[in-house]
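Report on the following structure.
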Amino acid sequence: MATERLQFHEMGLDDRLLKAVADLGWSQPTLIQEKAVPLALEGKDILARARTGSGKTAAYAVPVIQRILASKQSVREQDVRALILVPTKELGQQVQTMIRQLTAYCSRDVRVADISGKADLSAQRPILMEKPDVVVGTPSRVLAHLGAQNLVLHSSLETLVVDEADLLFSFGFEADLKNLLCHLPKIYQSFLMSATLTEDVQALKELLLHNPVILKLQGSQLPDSSQLQQYSIKCEEEDKFLLIYTLLRLRLVQGKTLVFVGAVDRSYRLKLFLEQFGIPACVLNSELPVHSRCHIITQFNQGFYDYIIATDEQSLADPTAAAQTPAGKGKKKKTTEKGGKTKDKEYGVSRGVDFQNVANVINFDFPTTVESYIHRVGRTARADNPGTALSFIAHTELALLSEVEEGLAGDHADSVLKPYQFKMDEIEGFRYRCRDAMRSVTKQAVREARLKEIKQELLNSEKLKTYFEDNPRDLQLLRHDKDIHPAVVKPHLKNVPEYLVPETLRSAVTLSGRRRRKRREKPKPEGVVKSSFKKNIQGKNPLKSFRYTGGRNRKGKAGQS
Ligand code: AMP
């Protein structure tokens, strides 16, 4: 398969681009890149159904850069030539980073500005006055700048990209997008990238694209079971905490892990709960300032943290209400947080964001839509890496599970979630300490933690913006997974007495906190997705379900038994 693939150097790309691609370590194009780049270079409009992690950003970024380099050979005048519309600020930053990487050897010729992130229009005006070659932004932000005449596109724009088009609709950008089109010239090349080809996206296609090439390269929106293992386990609310404690504290789950919850309060509850056992985790939600959010993601990608507890706010507000909110493909859910905290409409952690080398996704709370499940689980098994997804299912979430499974089965026969055969009775011994920890995590403690974290992150955010612009190295020192501590921490909970560990796991698990503390100081090396579960447990362990490692299963050695 690999040998047949058209290579980057066979695409007629500028040497500077090829050099940057080589620096990124991309030995060959991904499927979407192989198909899209040559067609785009011919000038074709493209509609691509590409799942997240398929390399879709570079599939449009490479031809966009190539076209700018080519047109600058004849017309040197500085102008905005490409506009990339994204649904979230996180994705905006990510696209900008990718373009910066790809233009590492031609950064003077191809300048890029991401205007999705900052709040103040007037602060962005000077950036746009310099007419960067590529502007990245959310539709509302771009429209605001067009309205303020900070940005003029009707004479210069050559390429328009709409990335994660389906999400632009689910984030409510439809009207902005349509209004924005009036500011564009009559002729330009368009790319429409979308994980799902919903009716909205089809309608946009009519509006934007002229005679497009349609690429539906992925049969499924998630990788197949040779790359992505998907499991579910039925457990009640209290068991969810017991189970996550066991998996993380005994380090049975290995590698970087994203834990999704359905509401902001839940994320702090879980963080405080884990804190009781000395397990550090970052919280990520829409209340945090965008600088903090992006910094957390960057540090996570650099290997600073093992665990992020992310709130998927587009998906679910109240886990106890899950049974009343039936799942359905593409249905939109509004999240109403108790306490009326300010939330960022353009926050989107489960969607489009390139968390790198994520070994596991854990749905602590199950998502309410198939779409949301796909976006969350799509954070692992990216590019060619293996990954594992495990969903905790309370009985109130059973209906959602069936609907998601139904949605997935229609898409890909083997994407249905396998039952995770975990013997809960073997970890009964931990229940008492979990209850003990839960007692300290009161509503009041959660409320305080939430406030404290936001205050802290606002401070961090200010620092990030000003101080760290001048001292980028110091940014490394700022951590987001520190204990918050409004809950009473009982020191004895941090240790796990050996007699509580199921006998068969005693030789395999790490009980000492020493190793962890060391690990926190140093980021792990990048580029490796570690096997999800301890290898030495496999084969001996009566808790056979621990055997779901992406890595092993990929090679077809181990399956479920
Ligand atoms: P995307 O689907 O654009 O979010 O990309 C997913 C990940 O794949 C990113 O981390 C990219 O850096 C990586 N990637 C993109 N193209 C390639 C390639 N040709 N070879 C290896 N990795 C790639």
Side-chain angles (χ1 to χ4, degrees), residues 1-2 4-11 13 17-38 40 46 48-66 84-88 90-104 112 114 134 136 161-167 191-196 215 217-218 220-223 227-228 256 258 294 297-298 300-303 348-359 361 374-387 526-529:
M1 182 180 83
E4 297 299 320
R5 199 166 276 188
L6 185 72
Q7 300 300 306
F8 281 117
H9 68 266
E10 295 166 325
M11 293 178 178
L13 298 171
L17 245 174
L18 288 174
K19 239 170 128 182
V21 165
D23 282 0
L24 282 164
W26 299 351
S27 53
Q28 62 172 358
T30 63
L31 192 57
I32 176 93
Q33 292 162 0
E34 184 202 13
K35 301 295 174 209
V37 174
I46 290 177
R49 182 174 99 169
R51 66 172 173 79
T52 51
S54 58
K56 66 182 173 55
T57 316
Y60 64 74
V62 166
V64 162
I65 296 165
Q66 175 68 26
I84 300 174
L85 296 173
V86 290
T88 65
E90 287 84 354
L91 191 58
Q93 205 198 44
Q94 201 174 289
V95 169
Q96 173 176 257
T97 305
M98 169 108 303
I99 293 179
R100 291 235 162 106
Q101 287 170 331
L102 288 169
T103 54
V112 56
D114 167 29
V134 185
V136 183
V161 180
V162 182
D163 198 358
E164 303 269 358
D166 50 347
L167 295 184
F191 298 81
L192 199 56
M193 317 299 282
S194 188
T196 49
L215 299 173
L217 301 174
Q218 238 73 45
S220 159
Q221 294 162 64
L222 288 172
Q227 189 182 351
L228 171 70
K256 293 201 284 183
L258 280 178
C294 292
I297 294 166
T298 308
F300 182 75
N301 286 344
Q302 289 169 346
V349 154
S350 75
R351 297 147 191 252
V353 175
D354 185 26
F355 288 101
Q356 285 159 11
N357 306 322
V358 175
V361 167
I374 290 168
H375 280 290
R376 286 185 189 189
V377 171
R379 302 306 98 208
T380 185
R382 289 170 79 77
D384 290 326
N385 289 317
E526 276 186 78
V528 190
V529 175

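All ligand and atom numbering here is 1-based and tracks the order in the structure.
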(request) Report yes if some N/O of Gln33 lies less than 3.5 Å from some N/O of ligand 1; otherwise report no. (result) yes

(request) Under 4.0 Å from a heavy atom of Thr57: give me the atoms of ligand 1 that qualify, with their elements. (result) 1 (P), 3 (O), 4 (O)

(message) Show me which atoms of ligand 1 lie under 4.0 Å from any heavy atom of Pro29.
(response) 19 (N)

(request) Looking only at distances, please establish whether an N/O atom of ligand 1 is found under 3.5 Å from an N/O atom of Arg382. (result) yes

(request) Taking all non-hydrogen atoms of both residues into account, name the closest pair between Arg379 and Val358 and its distance. (result) O-CB, 3.4 Å

(message) I'd like to know if the side chain of Gln7 and the backbone of Pro29 have a donor-acceptor N/O pair within less than 3.5 Å.
(response) no

(message) I'd like to check whether Met98 has a polar contact with ligand 1, where a contact means an N/O of the residue lying under 3.5 Å from an N/O of the ligand.
(response) no

(request) Measure from the side-chain N and O atoms of Ser54 to the backbone N and O of Ala50, and report whether any donor-acceptor pair falls under 3.5 Å. (result) no

(request) Using a strict cut-off of 4.0 Å, indicate which atoms of ligand 1 neighbour a heavy atom of Gln28. (result) 18 (C), 19 (N), 20 (N)

(message) Treating Lys256 as the side-chain partner and Phe300 as the backbone partner, does any N or O pair qualify as donor plus acceptor under 3.5 Å?
(response) yes

(message) Could you check whether any side-chain heavy atom of Leu91 comes within less than 4.5 Å of a side-chain heavy atom of Glu164, counting everything from C-beta outward?
(response) yes

